[in-house]
Amino acid sequence: MESNKNSIQGLKILSLDDNAIDNGILTELLKDTGATLQTTSSVVEAYELIEENKYDVLLIDHMMPESDGITVLKRIRELHLCDNSPIIAVTGNNISSARANYLNAGFADYIAKPINKDVLIRSISRSLNTKSEDAIDDDKQRILIIDDNQMNLLLARKILSEEYNVSVVSSAKAGLIFLEETIPDMILLDLHMPGIDGFQFLEIINQDDRYKDIPIICLTADDDHDSELRCFELGALDFITKPFIAEIMRRRVERILELSRLQHDLQLEVEKKTEKLHKHTKKLERMTDEVMFTLASTIDAKDKYTNGHSVRVAEYSRLIAKMLNMSGQEQDDIYRMGLLHDIGKIGVPDEIINKTSRLTDEEYAVIKMHPIIGAEILGNMSELPDIAIGAKYHHERYDGRGYPEGLSGENIPLVARIIGVADAYDAMTSNRSYREVMPQEKVRDEIVKGKGTQFDPVFSEIMLKIIDDDKQYDLREKK
């Protein structure tokens, strides 16, 4: 039997529905419950019946030609008819917000068509404030018991109802219907039931994230270790053996609920700490980027002709990385390396940097020290261990004729090869102390000429594509 039909035995119920077929369905659903059902399809007749009779529960359809359910509800309350009787909306309006709308209108509950017997009986029981064994105390936790044996349900309810809100259903199918409306704090689940058994019930609810945090205790008369193991594998937390011993049941339920509460509190605390750590990390990243940007601006300020040079090199480098389908983190890393690629120039005298005539060999030797100086400065940043790579190697050449170490080909770190071509491009497209900005056609020719000698052939080809697509103008507009 799928319904706890004893819970509405002896009740007198009136159904108002303009659809005779629906009234017939209600009659069939309730015929073996011990409840007395009277039906009418007329609103006027319903008022007359309510004046003449005392009904324990009223079931009212919403959409009717003479009126609507909400209007009928309000009229019944205004006339003080069946003042203490719950009125339940029965309707085909099965949208997500319908339940809240009907409850706000004053209905005790809401049942959607087509009507399910278990849902109907449970709704009637729940709506009876004085008669329902399922009446809810908001201060108590709610336990759902699923067992096809009525004696087990009655006994378990008796043991637990003093401390908890206890709801009972007599099949796994009815349990699944219950879960669609209410998420309990715990489920006590019989393993062996006709139709869907306890194992199948566990498998079904494991597929729905809404139920993943509900603690489950299995009920069984078996002394079968394989069954116990299977239940634990499916997520059950404990077993209670039949016949029930009251104190053992209370203690195990109390222990599992407390464990569930502690786990929930711990999870909330972890989530709160994680969110706090994430915000702190993002704050540190923003501060780090601001410091890097300030350092880059300070270096660029040594040469009045190169204002914004480091930021542009960083942007070009990130764009090349993006066109190589590098990850977002890799793009951010190469952007930061590009920002600080010239930081070593802080150790180069201003008169050398700003000299308008040809550098002497001694002066050029000083200039060539800036990658080493930069690497030494950035090498102290332990939280960003690779940040020095761009600064140290961006003047290496693909043919091995660069500095400071004369690396060649792919022995030059990948990020340095990217920054190298980006650096050369911005140097050629910016005014310098010793020359005017070069025409774009000339810049393109120089990169083509340096392909495979000064520049990595792959990255120089990408730089050429950027030039041809005029993306460099977009980047300059951003700055």
Considering all heavy atoms of both residues, which atom of [X] and which atom of [Y] are nearest to each other, and what is their separation?
| X | Y | value |
| --- | --- | --- |
| Met193 | Asp190 | CE-O, 3.3 Å |
| Phe201 | Ile146 | CZ-CD1, 3.6 Å |
| Asp32 | Leu29 | OD1-O, 3.9 Å |
| Lys12 | Lys54 | CD-O, 3.5 Å |
| Glu228 | Phe239 | CA-CZ, 3.1 Å |

- [ ] Using the ring of Tyr335 (Phe, Tyr or Trp, six-membered ring only), decide whether Arg318 places NZ or CZ under 6.0 Å from its centre and within 45 degrees of its axis.
- [x] yes
Task: Residue pair Thr274 / Glu271, side-chain donor-acceptor N/O under 3.5 Å - done: no
Enter the distance from [X]:[atom1] to [Y]:[atom2] here, rounded to the nearest 0.5 Å.
| X | Y | atom1 | atom2 | value |
| --- | --- | --- | --- | --- |
| Ser167 | Glu181 | OG | CD | 10.5 Å |
| Met326 | Gln329 | CE | CD | 10.5 Å |
| His341 | His394 | NE2 | NE2 | 4.5 Å |

- [ ] Count the heavy atoms of every other residue, nucleotide or ligand shown that sit under 6.0 Å from CG of Leu229, and state whether that count exceeds 12.
- [x] yes
Open item on the list: Looking at Lys322, I want to see if its NZ is surrounded by more than 12 non-hydrogen atoms of other residues, nucleotides or ligands under 6.0 Å.
Closed with: no
Please tell me if the side chains of [X] and [Y] come closer than 4.5 Å, counting only heavy atoms from C-beta onward.
| X | Y | value |
| --- | --- | --- |
| Phe107 | Ile70 | yes |
| Arg444 | Leu464 | yes |
| Asp147 | His192 | no |
| Ile13 | Asp56 | no |

TODO: Could you please spell out the steps behind the side chain to side chain donor-acceptor pair (under 3.5 Å) verdict for Lys117 and Thr33?
DONE: CA-CA 10 Å; Lys117 185 174 183 178; Thr33 63; over 6 Å; no
Task: Residue pairs fulfilling salt bridge (charged side-chain N to carboxylate O under 4.0 Å, His left out) with at least one residue in residues 35-53, sequence neighbours excluded - done: none
Open item on the list: Taking side-chain hydrogen bond (donor to acceptor under 3.5 Å, both in side chains) as the cut-off, I'd like each qualifying pair that reaches into residues 244-259, sequence neighbours left out, listed once.
Closed with: Asp238-Arg255, Glu247-Arg250, Glu247-Arg251, Glu258-Arg261
